[in-house]
Visitor: 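Got a structure for you, written out below as structure tokens; questions coming shortly.
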Amino acid sequence: MTVRVQQATFDIGREVSGFAKGRSDVGAIVTFTGVVRDVGDGLRHMLIEHYPAMTQNAIEKIEAEAAQRWSLGDSLIIHRFGPLEPGELIMMVATAAPHRADAFQAAEFLMDYLKSRAPFWKKEVTRNGEAWVCAKEEDEDALRRW
Amino acid sequence: MTVRVQQATFDIGREVSGFAKGRSDVGAIVTFTGVVRDVGDGLRHMLIEHYPAMTQNAIEKIEAEAAQRWSLGDSLIIHRFGPLEPGELIMMVATAAPHRADAFQAAEFLMDYLKSRAPFWKKEVTRNGEAWVCAKEEDEDALRRW
Amino acid sequence: MIDVVYFAWVRERIGLPKERIETDARTVAELVAELRRREPRYDAAFADVSALRVAVDQQLSDFDASLAGAREVAFFPPMTGG
Amino acid sequence: MIDVVYFAWVRERIGLPKERIETDARTVAELVAELRRREPRYDAAFADVSALRVAVDQQLSDFDASLAGAREVAFFPPMTGG
């Protein structure tokens with residue numbers, strides 16, 4: 001169970017390689033990686049603001065909730081803040097479990113909660129100006145399935 | 001869209017790093033990795049047999065079906081055969097999509113189909129003898145949700 | 001004395017990230033009402049509280065929550081992590 | 001002439017991975033019936049076809065499938081990939 005909130009980028013290959021390495025009690029590893037996407041509106045960069053006094057704890061609570069609901073061998077959450085260029089990594093989640101259904105469901109649960117319950121706010125700076133990303137109705141709906 | 005069927009191991013870190021690298025049209029990357037699990041019955045190794053004339057084509061058909069159902073930027077499937085020790089990687093799936101729901105669903109779909117529709121058979125060699133792994137009812141059930 | 005912190009567009013609209021306030025407000029809602037009376041920029045920022053979220057001492061909370069013993073209140077729009 | 005291939009415990013029970021057979025069977029089921037008449041080990045391997053899967057020319061198929069033009073038939077237990 002690891003949570004890292006950082007401005008620096010991370011090496012997804014190294015993180016995945018190191019995660020649950022050589023553990024023969026774990027049959028399934030799922031990872032999710034979020035990437036800054038340019039949806040064709042000339043994104044210059046994304047700015048991620050967060051609430052430093054709250055972020056780490058809020059994410060650890062979400063992770064603990066996942067560990068209660070599913071049989072997990074391990075989990076890892078990395079979330080960046082600060083300015084990010086298109087194509088850069090924003091965050092990643094990894095789950096390891098004896099069975100694939102647990103690993104998949106826990107990863108989706110973590111993502112749904114990170115989207116709407118971890119104190120991050122994204123702003124997009126495009127060639128036409130800047131705007132805060134609005135929370136989506138569907139992201140709030142996604143929480144209701146858990 | 002890549003499919004590799006091989007006896008050699010693979011470097012999950014390198015595969016994930018190279019997958020969909022620097023593509024700013026893709027916001028979400030999901031990976032699944034299957035690992036040889038020792039469930040406490042003294043597994044010495046696992047033997048994976050496959051149907052060489054069929055395997056590559058069967059997996060490519062499953063991958064093409066996923067690409068039709070979801071909006072995917074890319075996908076990768078690696079599946080090994082031959083003898084594998086506990087803790088070794090068996091296979092991986094990676095999906096890249098504009099949105100996380102597509103990446104997750106396509107990865108789960110690919111896994112469900114690889115489990116029951118790709119021509120691989122697993123045998124476990126334990127200290128008490130050897131036995132073919134039986135297909136599980138729940139794996140067949142998992143196909144019905146798609 | 002209570003620390004009030006703002007994030008994202010709430011911070012931008014109010015024009016500062018944090019301030020220390022002398023208040024007798026017993027709930028978040030009372031604190032909001034008090035802030036709105038201060039200046040038009042506060043009034044604008046809090047005009048639609050359904051568009052806002054609140055945390056009391058770094059725990060997600062709601063506008064009815066008590067401020068008894070609270071040291072820090074944060075106001076921000078719905079989160080957009082992940 | 002048709003190539004018949006076997007995998008996993010079907011291969012082990014029959015005792016060989018592949019054979020070339022001269023047959024007039026028009027369907028997979030007819031081929032199975034013909035094989036079962038050959039020797040007890042075939043009869044045992046095909047005793048419960050609900051436990052078996054079949055591919056005709058590397059395509060998953062079923063026991064009613066025609067063998068017209070088929071070059072290879074494979075018999076194996078339910079797959080356990082992933």
Side-chain angles (χ1 to χ4, degrees), chain B residues 3 5 32-37 46-62 65 77-81 84 89-93 107-124 129-143, chain D residues 1-21 23 25 27-28 31-32 35 41-82:
Chain B
V3 172
V5 180
F32 177 92
T33 309
V35 182
V36 178
R37 195 160 66 95
M46 175 177 275
L47 281 168
I48 302 184
E49 181 170 330
H50 77 123
Y51 183 177
M54 177 175 169
T55 315
Q56 181 86 19
N57 279 343
I59 300 178
E60 285 175 0
K61 269 176 69 176
I62 295 169
E65 172 80 21
I77 300 169
I78 303 174
H79 205 303
R80 296 177 66 194
F81 58 87
L84 302 175
L89 305 180
I90 304 173
M91 50 80 64
M92 75 170 283
V93 155
E108 292 197 60
F109 171 90
L110 290 173
M111 283 310 304
D112 286 347
Y113 273 81
L114 288 170
K115 277 271 164 193
S116 308
R117 294 291 182 271
F120 293 97
W121 300 273
K122 294 188 183 118
K123 179 188 245 184
E124 288 176 346
E130 48 180 69
W132 291 98
V133 173
C134 287
K136 295 194 196 101
E137 194 72 51
E138 70 197 58
D139 286 330
E140 201 58 36
D141 291 346
L143 294 183
Chain D
M1 297 288 279
I2 200 164
D3 286 324
V4 185
V5 293
Y6 308 109
F7 293 98
W9 62 255
V10 184
R11 172 179 56 70
E12 290 179 338
R13 204 158 298 177
I14 289 176
L16 80 179
K18 182 171 186 164
E19 56 189 322
R20 179 159 286 184
I21 287 175
T23 179
T27 65
V28 173
L31 176 62
V32 168
L35 289 167
R41 62 196 164 103
Y42 286 93
D43 193 40
F46 289 104
D48 177 13
V49 291
S50 78
L52 293 180
R53 300 292 178 268
V54 61
V56 176
D57 289 338
Q58 298 90 45
Q59 303 290 324
L60 282 177
S61 189
D62 53 56
F63 288 83
D64 299 331
S66 164
L67 290 182
R71 308 176 72 168
E72 183 171 280
V73 179
F75 295 103
F76 42 78
M79 293 154 274
T80 53

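Quick note on labels: first sequence line is chain A, next is B, and so on, each numbered from 1. Given the structure is predicted, the values throughout are model-derived calculations rather than measurements.
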Visitor: So with a 6.0 Å cut-off around CZ of D/Arg71, is the heavy-atom count from everything else above 12?
Guide: no
Visitor: Relative to each other, are the rings of D/Phe7 and B/Trp121 parallel, tilted or perpendicular (30° and 60° limits)?
Guide: parallel
Visitor: Who among B/Cys134, B/Ala118, B/Gly34 has the most heavy-atom pairs with chain D under 4.5 Å?
Guide: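 Top option by heavy-atom pairs under 4.5 Å: B/Ala118.
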Visitor: So B/Tyr51 and D/Val5, side-chain contact (heavy atoms from CB on, under 4.5 Å) or not? Walk me through it.
Guide: CA-CA 9 Å; B/Tyr51 183 177; D/Val5 293; 3.8 Å; yes
Visitor: If I take atom CG from residue B/Asp139 and atom CE from residue D/Met79, how far apart are they, to the nearest 0.5 angstrom?
Guide: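 So the CG of B/Asp139 and the CE of D/Met79 are separated by 11.5 Å.
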Visitor: How far does CD of D/Glu12 sit from CD of B/Glu130, to the nearest 0.5 angstrom?
Guide: 6.5 Å
Visitor: Examine whether an atom of B/Lys123 lies under 4.5 Å from a heavy atom of chain D, and if so say whether it belongs to the side chain, the backbone or both; otherwise answer neither.
Guide: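 Only the side chain of B/Lys123 comes within 4.5 Å of chain D.
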Visitor: With a 4.5 angstrom heavy-atom cut-off, is it the side chain or the backbone of B/Ala53 that approaches chain D, or both, or neither?
Guide: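 For B/Ala53, backbone and side chain are both near chain D.
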Visitor: Is chain D contacted by the side chain of B/Lys61, its backbone, both, or neither, given a heavy-atom distance below 4.5 Å?
Guide: side chain
Visitor: Are the side chain of B/His79 and the backbone of D/Gly81 linked by a donor-acceptor contact shorter than 3.5 Å?
Guide: no
Visitor: Taking atom CD1 of B/Ile48 and atom OG1 of D/Thr80, what is their separation to the nearest 0.5 Å?
Guide: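 B/Ile48 atom CD1 to D/Thr80 atom OG1 measures 8.0 Å (nearest 0.5 Å).
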Visitor: Looking only at heavy atoms, what is the nearest atom pair of D/Ala55 and B/Met54, with distance?
Guide: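 For D/Ala55 and B/Met54, the tightest heavy-atom pair comes out as CB-SD, 4.0 Å.
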Visitor: Where on D/Arg11 is there a heavy atom nearer than 4.5 Å to chain B: the side chain, the backbone, both, or neither?
Guide: side chain
Visitor: Mind checking the CG-CD spacing from B/Asn57 to D/Gln59? Nearest 0.5 Å is all I need.
Guide: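 These two atoms lie 7.5 Å from each other.
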Visitor: Identify which part of B/Arg117 has an atom lying under 4.5 Å from any heavy atom of chain D, answering side chain, backbone, both or neither.
Guide: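 Backbone plus side chain of B/Arg117, per the 4.5 Å heavy-atom cut-off to chain D.
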